[in-house]
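Remarks on the structure that follows.
By convention in this document, chain letters (A, B, ...) are assigned in the order of the sequence lines, proteins followed by strands, and residues within each chain are numbered from 1.
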Amino acid sequence: MSISRRKFLGWMGAAGLAGTIGTKAQAASNKEFTGYPDSVAVLHDITRCVGCRKCEAACNTVNELPGPDRPFDDLTVLNEKRRTTAKTYTVVNQFGGEKPVFAKIQCNHCLEPACASACFVKAFTKTPEGAVVYNAKICVGCRYCMIACPFEIPTYEYDEPFTPRVMKCTMCHPRVVNGQLPGCVESCPTEALIFGKRSELLKVARQRIADYPERYVDHIYGEEEMGGTHWLYLSDTAFSEVGLREDLGTIPAGALTKGALGAVPMVVGLWPVLLTGIYAINKRKEKIATAEQQAAVTHAIAETTADAEAKLAAAMEKAGKEKEAAIEREVKKALDEAAKAAAEAAKNDQDAGGSAETSEDA
Amino acid sequence: MSEQAATDRSTLVTPFNVIAGIIVIIGLVLTAIRFTKGLGATTNLSDYNPWGIWIGFDLLVGVALAAGGYVTSAAVYIFGMKKYHAAVRPAILTGFLGYALVVFALHYDVGQPWRLPYPFLVSQGTTSLLFEVGACVALYLTVLFIEFSPAAMEWLGLKRARSIVVKLTMLLTIFGVILSTLHQSSLGALFLIAPSKLHPLWYSPYIPIYFFVTSTIAGLSMVIFESTLSHHYFHNKMDDAHKEGHNDLALGFGKAAAWVLAGYFIIKVIGVAADDNWHYLATGYGAWFLFEMLGFVALPAFLYAVGARDKNTKLIRWTAAWTVLGIVVNRLNVSMVAFNYHLPSSERYFPHWMEIAISVFIVTVGILVFRFIVTRMPILYEHPDYESH
């Protein structure tokens, strides 16, 4: 595995750029969305609801939903707690014992909807009119919207094998843009549901609380919950006792995930630097280690060579000296022997006469 | 040749193959039911519980346990721990198969699987954490495929193509770590949007970090676990580098896992403290949380450390299996046990037997493909004709 540093950095630059294109996280933004002006909403005054289920019937009709399991004039269904289903966009539940309270649930049409924030194909749209509408044509069916919705409203057509859809209240958006009222509002006999601009309805709600402080809980549910909703509630009973959670907080759903989304481009930008750095440091360490090893080996070889040469030289010198000494010794020995021989010859001459000595000298 | 075919046929009928065959047949039947009768006929999913084990196990656990690919390739190529080189290919293969099966499993779970490319091709929901998960998983699956491809090319004898791909190793490794950081954490971040539904002991603003850190623990443990199994069942396919590196790998990765588990324990305690959730520890959910933290985090951290100190590879191998189980427990806790904790038990989810059977089927398919590949391609040994990269 070997690549040039230049090539490598080029690749990393390309990877970083590719990773940032097409993401639109607004993590560090200070922009705040306070809702579309003149958007419409519904105010549900729980104190006025009598549990007649006329809204349920109207919803079923105008949305052309499948017929109910039990007829809409059968009020015994109120004895059990119900939720929205793939066949019902809205249900009325009964709470309390002696003096029952009735509350209607449906999509609350958040200002900043969790479902729309969670959807990975943008199948949900917050319309300028106020409704949150769903586009079944692009929905993949991951059901993350149902995980995300704090009000547990979206439902799924689990029994539809080929084209299942997410089903939820549309605030009768097609009717509203035609100037008509939502089906449920139109059918309500007690004005427990009223329709209007959200800003106006908030004023109406405040006025009612101000006019009848002993009757109402001093809170408009939906004004701030999850960043605000387009379905507002007034109640004489604690909201948590009529099926509306009071522990949801006021932070819109999108704000819960923006930190994590905002970290994405940071990771894409910095990880290549960090990882390349670690790689480079290790590479360099390796290089230095190799170089040091090389140097040590070279040094060792040089030292050994020098040592050996010195030893050789010493040995040579010694050998030379020994040789000289040997030669000297041999020469001396030869001389001695010659002298000895001469001396012996002289002795023989003396024995045999002077002529031999004369011939040897010659 | 005919002799060899005869032995092949006789070795085909083994207890494992018979059981795997039965599971695959059941899986195919259930697949037909799922795609003709719909989710309602095969699952216990409901409007309150839109995600079951096909997300909790197949997606969340599947992706976490497939983290061995990025952990090992980063250790070897970026951190320069070359002595674990022999572990890279099996880890990449496990990762690649893991991600491929995750994508395969998603086709069962989503309502209209033929629309799975829609987030990229038709309408980009960039505000969704699921978009990030989808984008990163799709890209990373591609990266893993390319990282794995040299083994297949050596098997097929595509020398030139291999030499080109091998040059990309470093780039792919870095790309893999980036993508893994992003989607491993994003799987946890999916739950950030639902603080009202996930029990406070499991919900935390730090949940993306928890998921990322546990993915490295899962990766380290899974590599040890997988190498133990491979060593047992595919010993004859291994070269000396694999056989000799086997214990070194367990000791090194076990030691790393001990440290990461210890760090994870600390940041989990910080999470409980940051949200002041101490009082929940005295509840039933608290007991289960403590069991997870002490039994599946503190205990394996300790056992890994002891194993590394004493060079006790047997202890490390058992701890790896236990830690893998701990990852499964953690992901199921977040996605199912602690999710919808506020609902009455009648509204809670328990998987339909067909959901479990499909998950078992998918895991079985993974094991069969793994076996097919390691018995044919140079995964557990180096191909003699090629220089390692």
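- To the nearest 0.5 Å, atoms OH (B/Tyr118) and NZ (A/Lys137) are separated by 11.0 Å.
- For the residue pair B/Ile193 and A/Leu256, the shortest heavy atom distance occurs at O-CD1, 3.7 Å.
- Heavy atoms closer than 4.5 Å to chain A are found in the side chain of B/Val122, but not in its backbone.
- Nearest heavy atom pair, residue B/Thr127 against residue A/Ala116, reads OG1-O, 3.9 Å.
- Residue A/Ala123: no heavy atom, backbone or side chain, is found under 4.5 Å from chain B.
- Within a 6.0 Å radius of OH in B/Tyr48, more than 12 heavy atoms belonging to other residues, nucleotides or ligands are found.
- Taking a 6.0 Å sphere around CG of A/Asp247, one finds it holds more than 12 heavy atoms contributed by other residues, nucleotides or ligands.
- Distance alone, capped at 3.5 Å, places no donor-acceptor pair between the A/Lys283 side chain and the B/Gly80 backbone.
- A donor-acceptor pair under 3.5 Å links the side-chain atoms of B/Asp47 to the main chain of A/Tyr156, judged by distance alone.
- Both the backbone and the side chain of B/Leu190 come within less than 4.5 Å of a heavy atom of chain A.
- Between A/Tyr144 and B/Trp51 there is a side-chain heavy-atom pair separated by less than 4.5 Å.
- Taking the side chain as every heavy atom from C-beta outward, A/Pro164 and B/Leu39 never approach each other to under 4.5 Å.
- For the pair A/Tyr158 (side chain) and B/Ser46 (backbone), a donor-acceptor distance under 3.5 Å is present.
- Considering CZ of A/Phe120 and CZ of B/Phe120, their distance stands at 7.5 Å, rounded to 0.5 Å.
- For B/Asn49, the part sitting under 4.5 Å from any heavy atom of chain A is the backbone (N, CA, C, O) and nothing else.
- Taking 4.5 Å as the limit, some side-chain heavy atom of B/Phe339 sits within range of a side-chain heavy atom of A/Ile147.
- Proximity to chain B (any heavy atom under 4.5 Å) is shown, for A/Asp159, by both the backbone and the side chain.
- The pair B/Glu347-A/Lys81 does not count as a salt bridge, with every side-chain nitrogen at least 4.0 angstrom from each carboxylate oxygen.
- Inter-residue side-chain proximity for A/Thr276 and B/Ile174 is flagged as met; some heavy-atom pair is nearer than 4.5 Å.
- Residue A/Arg245 touches chain B through its side chain alone, counting heavy-atom pairs closer than 4.5 Å.
- The number of heavy atoms from other shown groups lying within 6.0 Å of CD1 (B/Ile33) is above 12.
- Rounding to the nearest 0.5 Å gives a distance of 11.5 Å between CG of B/Leu130 and OG of A/Ser117.
- For a residue to count as touching a neighbouring chain, one of its non-hydrogen atoms must lie under 4.5 Å from one of that chain's; by this rule A/Cys119 touches chain B with the backbone only.
- Contact tally against chain A (heavy-atom pairs below 4.5 Å) for B/Arg34, B/Lys37, B/Lys197, B/Glu132: the top residue is B/Lys197.
- Annotation: maximal heavy-atom pairing with chain A below 4.5 Å, among B/Gly38, B/Pro119, B/Ala194, occurs at B/Pro119.
- The environment of B/Phe350 atom CZ is sparse: at most 12 non-hydrogen atoms of other residues, nucleotides or ligands sit within 6.0 angstrom.
- Residue A/Gln294 qualifies as open at atom CD: its count of foreign heavy atoms under 6.0 Å is 12 or below.
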If you apply the rule side chain to side chain contact (heavy atoms under 4.5 Å, CB included), what do you find for A/Val268 with B/Leu182, and how did you get there? CA-CA 8 Å; A/Val268 173; B/Leu182 293 178; 3.7 Å; yes

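- Distance check, rounded to the nearest 0.5 Å: CG of A/Leu275 to CZ of B/Phe79 gives 7.0 Å.
- With a 4.5 Å cut-off on non-hydrogen atoms, A/Ala86 touches chain B through its backbone but not through its side chain.
- Contact annotation for A/Phe124: neither backbone nor side-chain heavy atoms come within less than 4.5 Å of a heavy atom of chain B.
- Residue A/Arg284 qualifies as open at atom CZ: its count of foreign heavy atoms under 6.0 Å is 12 or below.
- Contacts of A/Thr84 with chain B are made by backbone atoms alone, with heavy-atom separations under 4.5 Å and no side-chain atom involved.
- Looking at heavy atoms from C-beta onward, A/Ile138 lies out of side-chain contact with B/Arg115 at the 4.5 angstrom threshold.
- A heavy-atom distance below 4.5 Å is not found between the side chains of A/Asn282 and B/Ile78.
- Nearest heavy atom pair, residue B/Thr126 against residue A/Leu261, reads O-CD2, 4.1 Å.
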Do B/Leu343 and A/Glu152 pass the side chain to side chain contact (heavy atoms under 4.5 Å, CB included) test, and can you show the C-alpha distance, the side-chain angles, and the key distance before you say yes or no? CA-CA 11 Å; B/Leu343 292 179; A/Glu152 294 163 334; 4.1 Å; yes

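- Within the 4.5 angstrom heavy-atom criterion, only side-chain atoms of A/Glu286, from C-beta onward, approach chain B.
- Residues B/Thr36 and A/Pro161 come closest through the heavy atom pair O-CB, 3.2 Å.
- To the nearest 0.5 Å, atoms CD (B/Gln112) and CD (A/Glu160) are separated by 8.5 Å.
- Taking a 6.0 Å sphere around CZ of A/Arg165, one finds it holds 12 or fewer heavy atoms contributed by other residues, nucleotides or ligands.
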